[in-house]
Amino acid sequence: MSRKRKQGHTGDAESANNLNLTCKGTGTKRKFEDEAVQNSTSGGRKKNKSQDIPIRKGAGRLTKFDDDDANEVSQEPIAITQNGKPTGASSSSSASLQPPSKVASKPPRNYHRSEGAEKFERKTQRHHESKGKFPSNTHNETKHNAPNPSIQLVKRRDALLPGRKSLPIWPHAESIRSALRKNNVLVLTGETGSGKSTQVPQFLTSEPWCTKCIAITQPRRVAAISLARRVAEEMGSLMGNQSPAAKVGYSVRFDNASGPNTRVKFLTEGMLLQEMLRDANLEQYSAIVVDEVHERSVNVDLILGFLKELVARGMGKRKHPLKVVIMSATADVDALVNFFDQNADSNTGSSANSADNSAATEPVDSKSVSKCFVEGRQYPVKMTYLPNPTQDWVESALKLIFQIHYKEPLPGDILVFLTGQDTIESLEKLVNDYAEGMDKDVPKLLALPLFAALPQHAQQRIFEPTPNRTRKVILATNIAETSVTVPGVRFVIDCGKSKIKQFRNRLGLESLLVKPISKSAAIQRKGRAGREAPGQCYRLYTEEGYAEMEERTTPEILRCDLSHAILTMKARGIDDVLSFPFLDRPPREALEKALLQLLHLGALTDTGSITESGSRIAKLPLTPTLGRVLVEAVEQDCLGDAIDIVSALSVENIFLNLVTEERKEEAEEARRELFRREGDHMTLLVTVQQYAEEHADRKLWCQKHFVSHRAMQNVMNIRKQLHEQCKRLGLSVSEERPPPSDAHTKAILHCLLKGFISNTARLMPDSSYRTLMGNQTVSIHPSSVIFGRKTEGIVFTEFVFTGKAWARGVSAVQLDWITEVVESIM
DNA sequence: GAGCACTGC
């Protein structure tokens, strides 16, 4: 960061004292150099970074998660037992969400993921991972040498019962059961805090039709794991991998905790899809509960389509038909009911049924889908809009933060929704600067950033108790909308924007844009103020602005690359993907583009049926392009090396991004032995292999080479999984690795070309690169090891648009290699 | 010589 900028900030701090802290006032002298409203990418302000950070992309995993059910109990005032102590539910869920005390007591000040911070992360990560091995992460007495575990479990179960009975969903148990006895499908709308995720499976386990397991899908791993732990406690059971008798389990990538007698299994959506590829009729389940449908991930859309067909087909030799429960937080029930209804017309004549106790007489027009609405628990939230639209919502947020702080009594933290790391960091700096000038008798302000690229220990700071006479201001991305529930919040400031990834079909590249959020997202953000007490929400837009917003966030399936989704369909035997029952149908162009892409990958034949390698690719936990690389590597006899490269491409950047010039030079020197002039992929290969061969101290090795240890641990997990999966698919990895040679390098790059033939470009006379398919100008990203080099052709594994089209993950190739591959495909 | 929201197998 330049000195000039720094001085600029100091100047801002001075002007802060003159700030007119009224909503209308425009008296700030501060002017932001760029405004993400117009363009997130242009003219980015330099960040005030004093430490080295890795290039962000994915990163911190959270131990805290957002789930209605696991949190609700702890946050409801009702969850107090008669003896005045918090219910077991309450104490457990809050306790389980606390950071380890060591971490809590000594958070490092700098939140960038520095090498030092990495050490810290590993500690916390290990701590959290170890928690998963115990039946309860909250009650030490059940962990080790408990005198009689089963008595403990029963005691715990009984202690939790009163809390469960006070949940809004509890009175609906019987109507939910009877609805599913009559019909196979139930659409259940449960507002935040209703208890649906934990209770619905338990309501169903003793039903006559429920002879096997119930699956409950979740969009996120943390949610699946935490809910399973919670339900295990409530049912007085161990976790599925601890005892053959255990009734509750979960299944997420790299972590399967289910057993032969698991009756209730929480799993991520992706895991259920994988299971559906192996067990097309879901024979092992009596019911599938699809939770958080309103989030509308691609996976959930696929699951819904598959389930619709499964229900319509009747599934042959099943003794009891498969029951399906669709759970959603928003009131958009009708679309879901209609979706499952249409097929039911021909299937059954049973009469419609509404299990809705609370709503008045709802017109009953469905034939075999039940509906149920469960009210949530939410305190009222007072809404304030801006009188006039603003472009500068960082400034508006700043004013509001201080306005609230001066006016409103403690306690009551402020949660500000912003678009990304740079706006968060600007506002953090401003809040801190301005807070310095506050009178001594005014309570302090503590600004805490929150975004996914933030390392875990820094994210954990939001869960630490607020110091005396202090108000927290959490500056967050939309991670706080769904993934993380920030405790203590009574004020929400919503900028009304978020960054959204958009896939452009024509160019086949994606870009990240700042766009207005939808009404449903705005409502979700507002709701964050009313979880613990009545709250207030300030929207940094006008009421008209709100009225102009889209009703719902565009489902992911309408704005992403569909090749993975379509390959999954094909692998499930859906021949005509154009007639797949989509809840929202992607444009024909997008479907055709994806079909063509799969054809080029050799995953489909030109008549559109899946090939043998196509079905192999579908079973790999990779994008079709990366899967194709592995399949080709079998032919080229370099599968082991290809797995190493693909594993490294599957995680966030493994090289730490260094900020200061000094550190950059240092790192360049240290990494010299890793860098390969052939390009980024061979560099990744060497890095993974050297790391794998390091047996003494891998952590130290990473420090020495300025490599992220956490990312490398992840690489090793994926590598192991890919080895196992390839073995299962009959793709053999030879033990012997051929020694490095030009021929071997060519073989590896040939595999990459097979997967990424549309990501190739050639050098033009004017020194720019143009893609061979599409004739688009691309530039080699400065993070590449061959940045600045001129080579006749390149292949790249990532193509992003941020102000300019960038190729990232680049290798040098000869043009005739490209031609060779193109000819083999066409 | 750039900079990226959030998930997941």
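By convention in this document, chain letters (A, B, ...) are assigned in the order of the sequence lines, proteins followed by strands, and residues within each chain are numbered from 1.
Contact of the A/Leu626 side chain with the A/Ser650 side chain is registered, since non-hydrogen atoms from C-beta on lie closer than 4.5 Å. For the pair A/Arg728 and A/Lys619, the minimum side-chain heavy-atom distance is 4.5 Å or more.
Residue contacts shown for A/Leu622 include a base, since a base heavy atom lies under 4.0 Å away. Here A/Val252 lies in heavy-atom contact (under 4.0 Å) with sugar-phosphate atoms only. Residue A/Asn299 is classed as having no contact, given no heavy-atom separation below 4.0 Å to the nucleic acid.
Atom CZ of A/Arg296 is separated from atom P of B/dT7 by 20 Å (rounded to the nearest Å). The CD1-P distance, from A/Ile557 to B/dC6, rounds to 22 Å in whole Å. Distance A/Leu277 CG to B/dG8 P: 19 Å, rounded to the nearest Å. Separating the CD atom of A/Glu292 from the P atom of B/dG8 is a distance of 13 Å, rounded to the nearest angstrom. Atom CZ in A/Phe503 sits roughly 21 Å away from atom P in B/dC6 (whole-Å rounding). Note: CD (A/Gln725) to C1' (B/dC9) measures 9 Å, nearest angstrom. Atom CD in A/Gln502 sits about 16 Å away from atom P in B/dA5, given to the nearest Å. Distance CZ (A/Phe655) to C1' (B/dA2): 17 Å, rounded to an integer number of Å.
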Exercise. Dump the intermediate steps for ring pair (Phe, Tyr, Trp, His ring centres under 6.0 Å) on A/Phe580 and A/Phe306, then the final yes or no.
Key: CA-CA 9 Å; A/Phe580 180 79; A/Phe306 292 154; 5.6 Å; yes
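A/Thr477 has a side-chain polar atom (N or O) that falls below the 4.0 Å cut-off from OP1 or OP2 of B/dC6. Note on A/Thr268: every side-chain N or O is 4.0 Å or more away from OP1 and OP2 of B/dT7.
In terms of position along DNA chain B, the nucleotide closest to A/Ile500 lies nearer the 5' end than the nucleotide closest to the other residue of the pair A/His564 and A/Ile500.
Cation-pi geometry between A/Arg504 and A/Phe801 is satisfied (NZ or CZ under 6.0 Å from the ring centre, within 45° of the ring normal).
Taking every side-chain heavy atom of A/Met271 into account, B/dC9 is the closest of B/dC9, B/dA2, B/dT7. With B/dA2, B/dC6, B/dG1 as the candidates, the nucleotide lying closest to the side chain of A/Trp806 is B/dA2. In this structure, of B/dC9, B/dA2, B/dA5, it is B/dA5 that holds the atom nearest to the side chain of A/Leu512. Considering only side-chain atoms of A/Pro621, the nucleotide from B/dA5, B/dC9, B/dT7 that sits closest is B/dC9.
Side-chain contact of A/Lys265 with A/Tyr285: a donor-acceptor pair under 3.5 Å is present, judged by distance alone.
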